[in-house]
Amino acid sequence: GEQVEQLPSILRVQEGSSASINCTYENSASNYFPWYKQEPGENPKLIIDIRSNMERKQTQGLIVLLDKKAKRFSLHITDTQPGDSAMYFCAAGGAGNTRKLIFGLGTTLQVQP
Amino acid sequence: ETAVFQTPNYHVTQVGNEVSFNCKQTLGHDTMYWYKQDSKKLLKIMFSYNNKQLIVNETVPRRFSPQSSDKAHLNLRIKSVEPEDSAVYLCASSYWGGADTLYFGAGTRLSVL
């Protein structure tokens, strides 16, 4: 299977709190897990990614965790700000002959002041 | 910084017409993609090309046909549009060697009346 499940679909948090988005994937051969942020009217932009040789990666208030056994990965945004409000997509893939990325359905994050 | 260029930005047409979308990347990537993003923001891969060779051809209607003249260009033609083709079509590019970051263009919004 190639599905990537992403939850929640909508996430509302208070400014300053943390936000977590979880994804699961089916293809155990997947080796690349990027996260994209899409603001209204804009194209998706990479914010952080992790490869299968790592379990944790952190950059500028973003933390990604990867559990290959459970085929699960997650994005954690610490100290959320109103500018973090956007649509977030996880993706999994990079394996096999096609190396295609399969995207989750997206999470709308709303950071309330 | 914009390095994946799509034209047109918007296109409004009627059922049964033919449309063509253009995409050019100046990043020196060897792989290009077409994704469709529907009204629910679902990102679904349609095609990918590596060095002008078709790599991924998802189950899309036969009226869709990609065209690549060189590794920096990937166009999309829709022979006879249907109402369900209304969506944003996102072009992207990346390096093939190992899964890598997708850089998306600004998208072409197609409205079929």
Side-chain angles (χ1 to χ4, degrees), chain A residues 2-6 8-11 21 23 25 27 29-54 57 59 64 66 73 85-110, chain B residues 1-7 9-10 21 23-25 27 29-51 53-60 66 74 87-109:
Chain A
E2 293 187 328
Q3 300 275 7
V4 175
E5 185 177 24
Q6 181 173 348
S9 55
I10 299 174
L11 180 58
I21 304 171
C23 290
Y25 59 98
N27 186 353
S30 297
N31 56 23
Y32 180 58
F33 308 90
W35 288 86
Y36 284 81
K37 177 182 180 182
Q38 186 175 25
E39 302 193 60
E42 300 285 324
N43 53 354
K45 293 181 176 64
L46 180 80
I47 53 173
I48 191 169
D49 58 13
I50 191 167
R51 297 183 189 274
S52 57
N53 60 350
M54 299 177 71
K57 186 174 180 180
T59 179
V64 290
L66 172 63
F73 58 114
S85 296
M87 191 97 175
Y88 290 82
F89 292 94
C90 66
N97 295 332
T98 65
R99 304 188 193 179
K100 62 183 177 183
L101 283 178
I102 305 299
F103 283 82
L105 296 183
T107 296
T108 301
L109 174 63
Q110 297 173 353
Chain B
E1 124 212 18
T2 304
V4 181
F5 303 92
Q6 289 186 240
T7 57
N9 295 327
Y10 302 93
F21 305 147
C23 181
K24 177 182 84 168
Q25 56 93 5
L27 294 164
H29 290 158
D30 54 9
T31 307
M32 296 185 71
Y33 312 78
W34 278 107
Y35 278 83
K36 179 181 180 182
Q37 188 168 41
D38 61 21
S39 58
K40 294 181 181 174
K41 301 297 183 185
L42 174 64
L43 269 169
K44 193 163 167 44
I45 189 168
M46 300 174 71
F47 304 101
S48 74
Y49 269 75
N50 173 247
N51 278 320
Q53 183 179 3
L54 180 66
I55 300 298
V56 170
N57 183 355
E58 290 295 286
T59 308
V60 298
L74 181 63
V88 176
Y89 292 86
L90 288 161
C91 176
S93 71
S94 74
Y95 288 114
W96 177 256
D100 214 324
T101 305
L102 287 181
Y103 290 83
F104 285 93
T108 295
R109 182 176 296 278

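In what follows, every heavy atom counts, from backbone to side chain, and hydrogens, waters and symmetry copies are set aside. A, B, ... follow the sequence lines: proteins, then strands. Residue 1 opens every chain.
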- Message: Please report the interatomic distance NZ(B:Lys36) to CG(B:Asp38), rounded to the nearest 0.5 Å.
- Response: 7.0 Å

- Message: Does any backbone or side-chain atom of A:Pro34 lie under 4.5 Å from a heavy atom of chain B? Answer side chain, backbone, both or neither.
- Response: neither

- Query: What residue, out of B:Lys40, B:Gln37, B:Lys44, has the most heavy-atom pairs lying under 4.5 Å from chain A?
  - Reply: B:Gln37

- Which portion of B:Tyr33 sits near chain A, non-hydrogen atoms under 4.5 angstrom: neither

- Measure distances from B:Ile45 to the heavy atoms of chain A and classify the residue's part below 4.5 Å as side chain, backbone, both or neither. side chain

- Message: Rounded to the nearest 0.5 Å, what separates atom CG in B:Leu102 from atom NZ in A:Lys100?
- Response: 13.0 Å

- Message: In terms of relative ring orientation, are A:Tyr25 and A:Phe33 parallel, tilted or perpendicular, with 30° and 60° separating the classes?
- Response: tilted

- Query: Which word best sums up how the rings of A:Phe103 and A:Tyr36 line up, parallel for under 30°, tilted for 30 to 60°, or perpendicular for over 60°?
  - Reply: tilted

